[in-house]
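Single-structure report; data block below.
The chains referred to below are lettered A, B, ... by the order of the sequence lines, with proteins before strands, and numbering in each begins at 1.
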Amino acid sequence: MEYKQRTVTCGALRQEDEGKYVVLNGWVHRNRNHGGIHFINLRDRYGITQIVVGEHARDEVRQIAEELRLEYCIAVEGIVRKRPDSMINPNMDTGSIEVDVQSLQILSRCEPLPFMIDEESDAKEDLRLRYRYLDLRSTGMQNRIRLRHEFVKAIREHLSARDFYEIETPTLIKSTPEGARDFLVPSRLYAGKFYALPQSPQLLKQILMVGGFDKYFQIARCYRDEDARGDRQLEFTQLDLEMSFVTREDVLKTIEDLFVEVFAKVMNYSLPTSFRRLSWSDAMNTYGVDKPDVRYDLPLVDIGDIAELIQFGAFQTALAEKGSIKAICAPATDNLAYSRKYIGELEEAAKVYGAKGLAFVKVGKGGVLESGIAKFLVGHETAIIERMKASEGDMILFIAAPWKKCCNSLGAVRTKLARDLNIIDKNRFEFCWIIDFPLFEFNEEAGHWEAAHHMFSMPQAQYIPTLESDPGSVKGDLYDLVLNGYEVASGSIRIHDVELQKRIFRICNFTDEEAESRFGFLLNAFRYGPPPHGGIAPGIDRMVMIMAQQTSIKEVIAFPKNTAAVSPMDDSPSYVDDKQLDELHLLIKQPVKSE
RNA sequence: GAGGGCGUAGCGAAGCUGGUUAUCGCGACGGCCUGUCACGCCGUAGAUCGCGGGUUCGAGUCCCGUCGCUCUCGCCA
C-alpha cells in the first residue's frame, strides 16, 4: 500500500510551525462535521492535532472526510495554520494551530467500537482486556506504559553505570519445592520429566555470584501459580539484583541510590537519600502489618498492662490465652462521624483478619469515657486516655486477640480509618525498610518449621548457635522495601556455606537426600569457593502501579490476565490437540468438559 | 476453598415496597448544519433484563440454584 508517511507526529506542531507543509499519520479521535467544514482530531502516541477540511477543500478530500469514522487510521497531508486567537484551545498542546488538509487517505477502517476510547465512564475491566488493543490507545494506558518504559530504562542506565551486568537466566529450569506453586512445562524428549518456570531467578543469580559476576541485575519475568489479586499477577516482572562481597548496608544503599536517582529522573520527585527503617516487630506492633503505609501515623498502641486490671470479658479471655490487647485512637474530625454504623464497618474490616469484635469508647468532656463498655473502664480512664494521647471527641477502638490477629485486624482498622479520614497524601512516595524478619515460621498444618522468606537467607550471626534449639526466635539478615503500604522489594544476605545451608534445609524438614536431589546443584556450587553475597528483587509492576497512582497492577501491564488467570483477549489457557499431548507423553486425567 | 459487590441495547447507567409499551446518556445508522474542539439540531434501529427453576393473576424487581466479572481472606519461599 502506497501512502504518505508522516513527517511529524500529532503532538509536535506549535505556532512556530505555521506555514509548514506536513504529513500526519494517526487515528480519528473525534470527528466534528459542520456540513461545510470538518474538524478532525487526529491522535497518535504523541498527542492530538486538529485537522480541518474546509470550504475550499477539493471534492475528493471532502468525500473522504464524509466517510471517516472513529478510529479510522488515516494519512493527512496539509499546511500548518495558526488558529485565530478566539479559537485557540488552551487544553491542547497543539491548540494554537491546526492543519489545513490538502489530501486525505484512509489507511484502514474501524468497526463500531465496543467502548469509547478515553471516555470518562470506563468500560468494565474484562471488556477492556478483551479489546486490549483499543484500550491501549487511551491516554491513560499510553502514559502508564511510557512510565514503565522510562522506569526500566532509568534502572538499566543507573546500574550499568555502576558496573552491574545485565545477565539473562533461563525460563525453563528445575522445579524446586517450597514457596509458591510452580508452573510446569512437560518435556517432549524425556517422558514424565518437567521443567518449571522460575518463581524468581533466585538460585541462578546466586550461582552467578559463584561464577564471579559480582554485580548482576536482570529485568526478570517470574511465574507463580497462585490466585491473583489487585497487586498480584501470576506472571510478573522483577528487577532481580545480586552482589558479592556486600553487607546488608551495601544492598540497602544500592537500592536507595537507585531509586533516589530514578524517581528524580522519571517522576521529578525528590526522595530522601536514605529511607526510614523499622524492625519487623515494630512494624507489626505499631502499624499492624509488615508493609505499613507510613504516609500517616495513627499508631496502634498496646494496652495489655492496663487491660490486666480491667474486668472486661474479651480482654481477660485474650490475656488468659497470652494474646494481645491493642487500641487505636480515631481523632475527632468534621470529615467523619463515628456513628454506630460506621464503627460497624470498621469492625467488619477487623473481622476479615480474624478479630472477634471491635470494642470502642468515645472520649467525652472532662475525660469521661462513653459507650457500652465504659462501665468496665471506670477508674482506668486517665491511664487509657494518656496512653492513647486521646482528646475530647476522639474514638478509641480496641481489639483483643492472639498477637498476630490483633495486629493485622487493628491494622486493617487503621488503613480504613486513614482512607475515610482522607489523610493520605496521594502525591507522596514514602519508602521504608522493614528489617530483622524472623527466619522461620511454624507451619501448623505441615507440623514443621519452614522458611518465612526463603531457605537461602542468612540467619543473623548471634542466632546461628541456636538455630535448631529455638528456630522461632531466629532473626534473619532479611529486608523488605515498602512503598506507600505495598511490599515492593524483598531481599537478604544469602547463605554461602554448605553446612549452614544444610542445617537450614533440615530445620525445614528436608532430609539430606531430598536437599541433595532438589538443591544439589547449589550445594555443589558452594563447594567451590562461593563469595559472600546478597541481593534484593524489587517488583517492577507493583512499583510502576504505585508511581502511576493506580490500585491495580493490570493498569501497568500491556496484556494482563484477569482474576481468574484467564487472558480474555486470546482466551488462554486453552485446550490443546491430542497430538500435542501425545508428544509430551501426557494424558488428561479428568474427562474434558465440553466448551 | 470462603466472603462482599456487580451483571438491564455495542458502552456506561436508572428502574422505589412486584403492575400494563423497560428509561436516560454515549455510540451506531439516516438527515440538517461553514469555526468546532465531549460541536449542535431532527429522526431511526437496537434489550431472550447473565442463565435455569420457583412463588404469583402478574417478576428486571421476591426466593432457590448456577455462570461470569471484580475486590478481599486463605494462598503468594
Side-chain angles (χ1 to χ4, degrees), chain A residues 29-42 48-57 62 69-71 81 83-84 86-92 94-95 98 100 110-131 134 176-182 198-200 202-203 222-234 236 345 348-354 405 408-409 412 415-416 437 439-441 443 445 449-457 476 478 487 490-492 504-505 508 519 537 539 551-552 554 562-564 566 568:
Chain A
H29 186 66
R30 289 280 136 72
N31 183 11
R32 295 178 293 279
N33 177 359
H34 288 248
I37 184 166
H38 294 255
F39 299 97
I40 295 153
N41 285 359
L42 193 67
I48 292 178
T49 298
Q50 172 163 286
I51 66 171
V52 184
V53 177
E55 53 183 319
H56 36 265
R62 300 171 72 87
R69 295 291 179 272
L70 293 182
E71 297 304 314
R81 307 274 190 218
R83 296 198 202 177
S86 63
M87 288 157 204
I88 287 174
N89 185 343
N91 302 319
M92 286 172 80
T94 61
E98 59 196 14
D100 188 8
C110 179
E111 293 187 7
L113 295 165
F115 54 85
M116 289 295 284
I117 290 164
D118 264 335
E119 278 291 295
E120 303 223 350
S121 56
D122 254 6
K124 287 191 185 68
E125 188 172 81
D126 209 45
L127 195 72
R128 291 174 57 205
L129 294 185
R130 182 169 304 280
Y131 296 94
L134 295 176
T176 54
E178 284 277 298
R181 212 172 283 117
D182 275 333
Q199 295 178 26
S200 86
Q202 180 61 34
L203 299 183
C222 306
Y223 305 86
R224 294 178 192 177
D225 191 2
E226 300 291 346
D227 289 351
R229 280 289 190 288
D231 63 349
R232 239 165 59 193
Q233 284 265 300
L234 38 87
F236 62 101
E345 287 176 30
E348 285 309 306
K351 282 181 171 173
V352 169
Y353 289 86
K405 277 185 186 174
N408 287 161
S409 303
T415 305
K416 180 169 167 54
F437 277 81
L439 195 62
F440 302 104
E441 57 190 32
N443 184 328
E445 268 181 57
W449 293 92
E450 43 187 48
H453 182 219
H454 61 51
M455 293 188 289
F456 314 102
S457 297
L478 287 155
E487 179 195 316
S490 190
S492 62
I504 301 288
F505 286 147
C508 296
F519 305 107
T551 53
S552 167
K554 297 176 201 134
N562 68 14
T563 335
V566 167

Original post:
What is the distance from NZ of A:K554 to P of B:rC69, rounded to the nearest Å?
Top reply: 10 Å

Original post:
Residues two or more places apart in sequence or in another chain: which of them pass side chain to side chain donor-acceptor pair (under 3.5 Å) with A:T94?
Top reply: none

Original post:
Roughly how far apart, to the nearest Å, are B:rG18 and B:rU61 at atom P?
Top reply: 11 Å

**OP:** Find the distance A:I117:CD1 to B:rC11:P and express it as a whole number of Å.
**Re:** 15 Å

Original post:
Which base sits across from B:rC73 as a Watson-Crick or G-U pair, both distances under 3.5 Å?
Top reply: B:rG1

Subject >> Distance, C1' atom - from B:rC37 to B:rC49, rounded to whole angstrom >> reply: 37 Å

Original post:
Taking the C1' atom of each, how far is B:rG25 from B:rU70, in whole Å?
Top reply: 24 Å

**OP:** May I ask which nucleotide in the shown strands pairs with B:rA28, Watson-Crick or G-U wobble, both distances under 3.5 Å?
**Re:** B:rU44

Subject >> Watson-Crick or G-U counterpart of B:rA9, or none if no pair lies under 3.5 Å >> reply: none

Could you pull out the protein-nucleic contacts involving nucleotides 27-32 of chain B (nitrogen or oxygen on both sides, under 3.5 Å)?
unit_1: B:rC29; atom_1: OP1; unit_2: A:R69; atom_2: NE; d: 3.0
unit_1: B:rC29; atom_1: OP2; unit_2: A:R69; atom_2: NE; d: 3.4

Original post:
Base, sugar-phosphate alone, or nothing: which one does A:M87 contact when heavy atoms must sit under 4.0 Å apart?
Top reply: base

Original post:
Which distance, rounded to the nearest 0.5 Å, do you find between the CD1 of A:I37 and the NE2 of A:H34?
Top reply: 8.0 Å

Original post:
Heavy-atom distance under 4.5 Å between the side chains of A:E125 and A:S552, does that happen here?
Top reply: yes

Subject >> A:R62 CZ - B:rC33 P separation (whole Å) >> reply: 11 Å

Subject >> P atoms of B:rA22 and B:rC39, separation to the nearest Å >> reply: 32 Å

**OP:** May I ask you to evaluate whether A:R32 reaches the phosphate of B:rC39, defined as a side-chain N or O under 4.0 Å from OP1 or OP2?
**Re:** yes

Original post:
Which part of the nucleic acid does A:S200 contact within heavy-atom distance under 4.0 Å: base, sugar-phosphate only, or nothing?
Top reply: base

Subject >> CD1-OG1 distance between A:I40 and A:T49, expressed to the nearest 0.5 angstrom >> reply: 12.5 Å

Original post:
What pairs with A:R232 under salt bridge (Lys or Arg N to Asp or Glu O under 4.0 Å), at least two apart in sequence or on another chain?
Top reply: none

Between the protein and nucleotides 1-9 of chain B, which nitrogen or oxygen pairs come in under 3.5 angstrom?
none

**OP:** Under the side chain to side chain contact (heavy atoms under 4.5 Å, CB included) rule, collect the residues that match up with A:I48, sequence neighbours excluded.
**Re:** A:H29, A:N41, A:R43, A:M92

Subject >> P gap between B:rG31 and B:rG68, integer Å >> reply: 45 Å

**OP:** Taking only the side-chain nitrogens and oxygens of A:N562, find out if one of them lies under 4.0 Å from OP1 or OP2 of B:rC69.
**Re:** yes

**OP:** Grab the CZ-P distance between A:R128 and B:rU70 for me, whole Å please.
**Re:** 11 Å

**OP:** May I ask you to verify if any side-chain N or O of A:T563 is less than 4.0 angstrom from the OP1 or OP2 atom of B:rC71?
**Re:** yes

**OP:** Would you kindly check whether a donor in the side chain of A:R224 faces an acceptor in the base of B:rC75, or vice versa, at under 3.5 angstrom?
**Re:** no

**OP:** Grab the CG-P distance between A:D231 and B:rC76 for me, whole Å please.
**Re:** 15 Å

Original post:
Taking any strand in view, what nucleotide pairs with B:rU21 in a Watson-Crick or G-U wobble way, both distances under 3.5 Å?
Top reply: none

Original post:
Is A:F456 touching bases, backbone alone, or none of the nucleic acid, heavy atoms closer than 4.0 Å?
Top reply: nothing

Original post:
For atom C1', what is the distance between B:rC16 and B:rC62, given to the nearest Å?
Top reply: 14 Å

Original post:
Is atom OH of A:Y223 surrounded by more than 12 heavy atoms (other residues, nucleotides or ligands) closer than 6.0 Å?
Top reply: yes

Original post:
Residues in side chain to side chain contact (heavy atoms under 4.5 Å, CB included) with A:A451, at least two apart?
Top reply: A:M455, A:C508

**OP:** Just call it for A:E487: base, sugar-phosphate, or nothing, with non-hydrogen atoms closer than 4.0 Å on any strand.
**Re:** nothing

Original post:
Expressed as a whole number of Å, how far does the C1' atom of B:rC33 sit from that of B:rG40?
Top reply: 8 Å

Original post:
Of all the choices, B:rC37, B:rC75, B:rG10, which nucleotide is nearest to the side chain of A:Q50 once you look at every atom?
Top reply: B:rC37

Subject >> Distance, C1' atom - from B:rU56 to B:rA38, rounded to whole angstrom >> reply: 47 Å

**OP:** In whole angstrom, give the distance that lies between atom CD of A:E226 and atom C1' of B:rC75.
**Re:** 5 Å

Original post:
Which nucleotide in the list B:rG10, B:rU36, B:rC39 gets nearest to the side chain of A:R30?
Top reply: B:rC39

**OP:** Just call it for A:K351: base, sugar-phosphate, or nothing, with non-hydrogen atoms closer than 4.0 Å on any strand.
**Re:** nothing

**OP:** Using a 4.0 Å heavy-atom cut-off across all strands, classify A:I48 as base, sugar-phosphate, or nothing.
**Re:** nothing

Original post:
Is A:D126 touching bases, backbone alone, or none of the nucleic acid, heavy atoms closer than 4.0 Å?
Top reply: sugar-phosphate

Original post:
Would you call A:F115 stacked on B:rC11, i.e. ring centres under 5.5 Å apart with the planes less than 30° off parallel?
Top reply: no

Subject >> Residue matched to B:rC39 through Watson-Crick or wobble contacts both under 3.5 angstrom >> reply: none

**OP:** Take atom OH of A:Y223 and atom C1' of B:rC76, then tell me their distance rounded to the nearest Å.
**Re:** 17 Å

Original post:
Whole-Å distance between B:rC73 P and A:K405 NZ?
Top reply: 15 Å

Original post:
Base, sugar-phosphate, or nothing for A:E55, non-hydrogen atoms under 4.0 angstrom?
Top reply: base

Original post:
For A:E450, which residues count as a side chain to side chain contact (heavy atoms under 4.5 Å, CB included) partner, sequence neighbours excluded?
Top reply: A:E178, A:N443, A:H448

Subject >> Contact nearer the 5' end of RNA chain B, comparing A:E98 with A:E450 >> reply: A:E98

**OP:** List in chain and number order the residues that pass side chain to side chain contact (heavy atoms under 4.5 Å, CB included) with A:S490, two or more places apart in sequence or in another chain; answer none if no residue qualifies.
**Re:** A:H453, A:D480, A:E487

Original post:
Between B:rG35, B:rC75, B:rU72, which nucleotide has the shortest distance from any of its atoms to the side chain of A:V352?
Top reply: B:rU72

**OP:** State the CZ-CG distance between A:R181 and A:L234, to the nearest 0.5 angstrom.
**Re:** 11.0 Å

Original post:
What class does the angle between the rings of A:Y131 and A:F115 fall in, given that below 30° is parallel, 30 to 60° is tilted and above 60° is perpendicular?
Top reply: perpendicular

**OP:** Could I get the full list of salt bridge (Lys or Arg N to Asp or Glu O under 4.0 Å) partners for A:K351, not counting sequence neighbours?
**Re:** none

